[in-house]
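Accompanying notes for the structure given below.
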Amino acid sequence: AAEFSDELNNLGVRVSNLERNADMVKWNGKAEYTYKSLRDKDAKDETRKQNSDHLLFRLEPSAEVNQNWHVKARLDASTELDSDSAEKSEDKVDLKRIWAQGNYNNFQVKLGKFAPIDDDSIFDTTFSGAEVAFGNKVTFTAGAGRKSNDDLNKYVSFAKDGVNDTANYQYAGLGYGDGKFVGGVDYHHLNADNINYKGQKSTEDTANIWLAKAAYRFDKTNGLNGFYANNTTADQYDHAWSAEYDYKGAQAENKGTWGAWAAYRYLGQNTALFSTFDAILAGQKGWEVGANYAPFKNVVATLRYGNGKSLLEDHDVENLFGRIEMFF
């Protein structure tokens, strides 16, 4: 040790530097298989039954810039297993999100492309812009930027009749969380110009959506959550709401854990613009039941069943959703 002290010291420095640099970039992700069967019992065409098989590979890197700032991203590679021919293939790789995030005492800022507030209900989407958040138990969050309407639910014509499919987007929310209870009140505003075939502005589409949400955890086993949203600009299908009871819940890191839930959802299509739900869809109302289970560590299987009505046609609908996720 004395004879090779200089070499050992240099080796220790190099290993320490390697460990420090390796910790600056962390990778998480998952492989996911999803099956959907959407059934409109009263339809007379091909929409009566629509099945799909979807495979997704997702990477979510996080890189440390300094003690306050990180750069984060989401990269999705996906394929439709029910499309075998080259002409119908929908294989693609997309950079879904990328943003810089600064965390300070009771203050956070995001810059880039990321998810807004209420992505767990009616705004499961991304936008490009900036967000600031203040507070601890009581929080205030505000964001502004531009939003592409590519993932808008199929029932809405918001900014789809013209050339321009990008909207100006702003939101703000006041939230509270302390122990068993969390809740909040949020506001979303979108506006976009429709451009006619002459290249002139024809109309302006606008959405002003207010949302109130709350969740209460009685104990480690039982919980309730719900929200109510209203689009004050819409003439019809102008509200959406959901009430859900949860029992336990699968934990990916703990083999053998499981959970179940029951919910009723009413998702008016002019309010649930980017709905996150899989068994009752935007433009539908009805009951959902589901369960999830972790058969192995870092593997979760989920099954959802929805039964209800379409709001536009008043058709009976029945939806089945299954997913297997493998986390790493």
Side-chain angles (χ1 to χ4, degrees), residues 21-38 50-65 69-101 110-129 131 145-154 160 165-166 169 250-253 255 273-279 281-282 290 292-304 319-328:
N21 293 331
D23 288 341
M24 293 178 66
V25 180
K26 297 181 179 180
W27 293 84
N28 294 302
K30 67 176 179 177
E32 172 187 285
Y33 167 74
T34 302
Y35 170 79
K36 295 180 182 179
S37 181
L38 310 179
Q50 302 178 76
N51 294 343
S52 65
D53 292 274
H54 183 76
L55 197 60
L56 172 75
F57 180 75
R58 171 173 292 169
L59 292 175
E60 294 184 302
S62 176
E64 178 183 337
V65 179
W69 284 86
H70 289 74
V71 173
K72 301 184 178 185
R74 171 178 289 183
L75 186 68
D76 284 357
S78 60
T79 184
E80 302 297 332
L81 298 181
D82 52 346
S83 301
D84 296 325
S85 66
E87 291 81 5
K88 295 182 179 180
S89 176
E90 298 183 14
D91 298 359
K92 56 184 178 180
V93 178
D94 292 325
L95 182 61
K96 293 292 188 178
R97 303 177 183 180
I98 179 168
W99 76 97
Q101 180 172 318
K110 295 180 181 179
L111 302 168
K113 184 176 183 179
F114 52 92
I117 55 177
D118 300 321
D119 61 336
D120 57 350
S121 54
I122 63 171
F123 269 85
D124 186 8
T125 183
T126 59
F127 81 105
S128 299
E131 177 190 280
R146 291 175 63 80
K147 170 75 193 84
S148 170
N149 297 317
D150 293 339
D151 52 353
L152 199 67
N153 79 65
K154 66 178 182 179
K160 283 289 187 179
D165 67 346
T166 302
Y169 179 40
Q251 302 167 7
E253 67 276 12
K255 174 185 175 181
L273 299 181
F274 307 94
S275 175
T276 191
F277 302 109
D278 300 303
L281 309 180
N292 54 16
Y293 175 65
F296 311 103
K297 183 179 180 180
N298 294 330
V299 178
V300 175
T302 302
L303 185 63
R304 302 175 183 268
N319 302 319
L320 184 63
F321 174 93
R323 173 171 287 172
I324 298 175
E325 299 167 284
M326 306 182 73
F327 300 92
F328 55 87

Minimum heavy-atom separation for [X] and [Y], please, with both atom names.
X      : Y      : result
Ala252 : Phe327 : CB-CD1, 3.9 Å
Glu64  : His70  : CA-CD2, 3.7 Å
Asn51  : Ser37  : OD1-OG, 2.7 Å
Asp119 : Asp124 : O-CB, 3.5 Å
Asn292 : Ala250 : OD1-N, 3.1 Å
Gly322 : Leu303 : CA-CD1, 4.3 Å

Are the side chains of [Y] and [X] in contact, using a 4.5 Å heavy-atom criterion?
X      : Y      : answer
Leu56  : Asp76  : yes
Asn298 : Phe328 : no
Leu59  : Trp27  : yes
Tyr35  : Leu320 : yes

Rounded distance [0.5 Å steps], [atom1] in [X] versus [atom2] in [Y]:
X      : Y      : atom1 : atom2 : answer
Phe321 : Ser52  : CZ    : OG    : 9.0 Å
Thr276 : Ile122 : OG1   : CD1   : 11.0 Å
Thr302 : Asp278 : OG1   : CG    : 9.5 Å
Lys255 : Lys297 : NZ    : NZ    : 11.5 Å
Lys147 : Leu273 : NZ    : CG    : 10.0 Å
Ser128 : Phe114 : OG    : CZ    : 8.5 Å

Donor on one side chain, acceptor on other, His54 and Glu80, under 3.5 Å
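Per modelled atom types, His54 and Glu80 side chains form a pair under 3.5 Å.
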Apply the test side-chain contact (heavy atoms from CB on, under 4.5 Å) to residues Tyr33 and Asp53: give CA-CA distance (whole Å), side-chain angles for both, the deciding distance (0.1 Å), then the verdict.
CA-CA 7 Å; Tyr33 167 74; Asp53 292 274; 2.3 Å; yes
Checking side-chain contact (heavy atoms from CB on, under 4.5 Å) for the pair Lys72/Glu60: CA distance, chi angles, key distance, verdict?
CA-CA 7 Å; Lys72 301 184 178 185; Glu60 294 184 302; over 6 Å; no
Can you tell me if NZ on Lys30 sees more than 12 non-hydrogen neighbours from other groups inside 6.0 Å?
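Atom NZ in Lys30 is crowded, with more than 12 foreign heavy atoms closer than 6.0 Å.
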Close aromatic pair by centroid cut-off 6.0 Å: Phe274 and Phe127
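That pair fails the under 6.0 Å test.
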Can you check side-chain contact (heavy atoms from CB on, under 4.5 Å) on Val65 and Val71, steps first, answer last?
CA-CA 7 Å; Val65 179; Val71 173; 3.8 Å; yes
